[in-house]
Amino acid sequence: MANPSAVCNGHLHHQKQNNLLKSGTSKKNGITKGIKKNGVSNGSLSKKAFIEHFEQAPMYVAVLTFVGFGVGTIFGYLRDFMRAWGLEKRNVATEREQQKDFVPLYQDFENFYTRNLYMRIRDNWNRPICSVPGPQFDLMERVTDDYNWTFRFTGRTIKNVINMGSYNYLGFAETDADALKTVAKELQKYGTGICSTRQEMGNLDKHVELEKLVARFLGVEDAMVFGMGFATNSMNIPALVGKGCLILSDELNHTSLVLGARLSGATIRIFKHNNIQSLESLLRDAIIYGQPRSRRAWRKIIILVEGIYSMEGSIVRLPEIVSLKRKYKAYLYLDEAHSIGAVGATGRGVVEYFGMNPDDVDVLMGTFTKSFGAAGGYIAGKKDLVDFLRTHSHSAVYATSMCPPVAEQIIRAMKCLMGLDGTTQGLQRVQKLGKNTRYFRRRLHEMGFIIYGNDDSPVVPLLLFMPGKIGAFARRMLEKNIGVVVVGFPATPITESRARFCVSAAHTREMLDTVLNALDELGDFLQLKYSRYSKSAHPELYEETRFELED
Amino acid sequence: MDIKRVKDYFYWLYFQYLLITCSYVLEPWEQSMFHTITVTVLAMVLYTAYVFIPIHVRLAFEFFSQMFGGQSESTV
């Protein structure tokens, strides 16, 4: 299933994309979806169901969550009082005696939550791992003598903990010697250090090879790679927009996008998460009223969205956003950090998932950290855009470029995905991930948990709600030899703390069944099964939006 | 065997109470303080209910029966 050579007169035709999909590689649940060509624009548009769940918890759960936070806050004040009056040892950073009369250096109240609630359950985060984070990993065991202020290692390692937290969607985080042959060769040839920036002496032939491959993979004209995924967003958005431009950013965008937007100096307006009406009303206001005081037209309007939102598991409504952007003449910046490699029939991200043309999106951004088992990010799009970024991006001018063994790992992973290494292993991984995702979500829905997000997204947030259950859930799962990531207040709304599972193609059915059985047991023990719709056999009970694209 | 199931059930109930009120995360001495306060408040509520509710119910019953009972007497 090799991708037919995609470059033809320097342009990439959409027909090639169509052929790939028509050749039956787009299979969902064993049914091949026929692709309808709808005239000139947006050629192939499969009208697939877009099912997302954001079920609200029963009212008593919200009340009890606030009760729990209230108790925590009261005891927090009590402990702070004891610490201030010397009745208890202070473990936090304080100024020296001589500086007591100065302006306070450590603003105590801002860290109230960290000091009093986070510290108590801190043993569930930053757990040190001592093996590759594949489908299973080894943990170093650590205990605390003073309620999580300090830890010490017992020296024992907990072996073969099932990994439900790593973004290892396609299972490329592996130590198999055969798979890493080329990487080892490049390591011997180039070493690990670049010691320079891209614009000085850090531009290697490996980078050029990788960029060509990325452009071919995505079906665009050109691409540029950077050493760090976070820096790709935060350093390139300021290069693309500046003062006098308008940024319309989704409510739940990642910190890297928010940081990049703030650094650019443009005006930022937020629209409700994945809400097309909110985005449209903002666009209309922007065009009708222009800039705040001068009423001039905005220099540029750019919409920042993500392919898959990692805290919600929801997928962006790309067709509607593209039609909006065409109507109002705005630009679209799509951050596919979690969706590249993870969704789409051949792993090419949300653009392929919706059957759209990559030319519809102006700036395609993604990272290699998640599905490719490496590090770094890329920006892809038209050649003019990428050439502009090569000269104007802060990351290219000042940051060290990607190191060669990592670049080779991405190259081998991408070649495997595209089928260029002669095997169908890449496609098998993508399909395995799709199967695992659907199985895992279906079973969790049937058991009665509240799960957020789209049915096709490999990020599965399971809602815990109450603060007391966060620590209990993570600790008990570790006792059963399963490692999970739990998230609480600052990263999520205060009432919606959750456990976030990341399904991987490397998980076998047995591992998923072990996890599901443990979740079943723990769900009953901790009373986590809040869902009012327990059987997934009645799809009409779910909120379902069938999108109809209007041009 | 039955005793063990009953004991496990009570432990489970106690654990739910700890989770709901977020006293699961507190240190032991804080937990004791919290349990003492909760038990005290609960005891006071129950005592007040025991002392006052029967009297209130009886008075309310008398009030309403007098209102309706008195009405029917006057129509004779």
Side-chain angles (χ1 to χ4, degrees), chain A residues 60-82 87-88 113 115-124 144-149 464-476 486 488-489 494-495 497 521-528 530, chain B residues 1-69 71:
Chain A
Y60 72 90
V61 173
V63 171
L64 291 175
T65 309
F66 280 114
V67 165
F69 273 108
V71 169
T73 313
I74 292 175
F75 276 96
Y77 279 122
L78 175 68
R79 297 296 292 273
D80 273 351
F81 173 78
M82 287 170 60
L87 295 167
E88 191 191 338
Y113 177 82
R115 219 174 30 243
N116 294 307
L117 283 160
Y118 173 72
M119 274 295 172
R120 296 182 192 270
I121 43 177
R122 190 166 80 116
D123 57 311
N124 298 313
T144 173
D145 302 315
D146 51 1
Y147 299 104
N148 292 343
W149 287 97
L464 300 172
F465 296 107
M466 296 181 203
K469 296 193 183 178
I470 303 176
F473 183 81
R475 284 176 197 150
R476 275 169 199 260
V486 285
F489 166 52
I494 195 157
T495 41
S497 40
E521 217 181 293
L522 210 54
D524 285 327
F525 187 72
L526 295 177
Q527 291 284 294
L528 292 173
Y530 300 116
Chain B
M1 194 53 212
D2 244 357
I3 295 289
K4 184 166 187 325
R5 281 220 349 244
V6 171
K7 276 193 358 206
D8 277 344
Y9 179 66
F10 278 118
Y11 176 74
W12 181 79
L13 277 181
Y14 170 65
F15 195 71
Q16 294 307 307
Y17 156 76
L18 282 184
L19 285 178
I20 287 176
T21 55
C22 194
S23 43
Y24 170 80
V25 303
L26 300 175
E27 296 176 20
W29 63 270
E30 287 169 334
Q31 276 192 0
S32 323
M33 192 197 291
F34 183 73
H35 293 332
T36 317
I37 296 177
T38 314
V39 166
T40 313
V41 168
L42 203 64
M44 291 196 287
V45 166
L46 286 174
Y47 176 72
T48 315
Y50 168 73
V51 168
F52 284 106
I53 286 188
I55 297 182
H56 276 295
V57 167
R58 187 165 65 81
L59 287 175
F61 178 68
E62 276 179 13
F63 175 73
F64 282 114
S65 71
Q66 187 195 49
M67 204 163 69
F68 294 123
Q71 219 178 34

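Chain naming here is simple, since letters A, B, ... match the order of the sequence lines and numbering starts at 1 in each.
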Q) Considering only heavy atoms, which portion of Asn148(A) lies under 4.5 Å from any heavy atom of chain B: side chain, backbone, both, or neither? A) neither
Q: Check the pair Trp12(B), Gln527(A) against side-chain contact (heavy atoms from CB on, under 4.5 Å), reporting the backbone distance first and the verdict last.
A: CA-CA 10 Å; Trp12(B) 181 79; Gln527(A) 291 284 294; 3.4 Å; yes
Q | Segment of Leu64(A) engaging chain B (4.5 angstrom heavy-atom cut-off) | A | both
Q: Could you tell me whether Leu13(B) atom CG has more than 12 heavy atoms of other residues or ligands within 6.0 Å of it?
A: yes
Q) Can you tell me how far the CD1 atom of Ile121(A) sits from the SG atom of Cys22(B), to the nearest 0.5 Å? A) 7.5 Å
Q. Say you draw a straight line from CG of Asp146(A) to CD of Glu27(B); how long is it, rounded to the nearest 0.5 Å?
A. 9.0 Å
Q. Roughly how far, to the nearest 0.5 Å, is OH of Tyr24(B) from CE of Met466(A)?
A. 15.0 Å
Q: Could you tell me which portion of Phe15(B) (side chain, backbone, both or neither) has an atom closer than 4.5 angstrom to a non-hydrogen atom of chain A?
A: side chain
Q: Answer with side chain, backbone, both or neither: which region of Leu26(B) has an atom nearer than 4.5 Å to a non-hydrogen atom of chain A?
A: both
Q | Smallest separation among heavy atoms of Ala472(A) and Leu19(B), with atom names | A | CB-CD2, 3.7 Å
(Q) Set out, in order, the CA-CA distance, both residues' side-chain angles and the distance that settles side-chain contact (heavy atoms from CB on, under 4.5 Å) for Val67(A) and Ile20(B), then state yes or no. (A) CA-CA 8 Å; Val67(A) 165; Ile20(B) 287 176; 5.6 Å; no
Q: Go through the atoms of Leu526(A) and report whether side chain, backbone, both or neither lie under 4.5 Å from a heavy atom of chain B.
A: both
Q: Could you tell me which portion of Phe465(A) (side chain, backbone, both or neither) has an atom closer than 4.5 angstrom to a non-hydrogen atom of chain B?
A: neither
Q.
Tell me whether the count of non-hydrogen atoms from other residues, nucleotides or ligands lying under 6.0 Å of CZ in Phe66(A) goes above 12.
A. no
Q) Where is the tightest heavy-atom contact between Met33(B) and Phe75(A), given as atom of each residue plus distance? A) SD-CE2, 4.1 Å
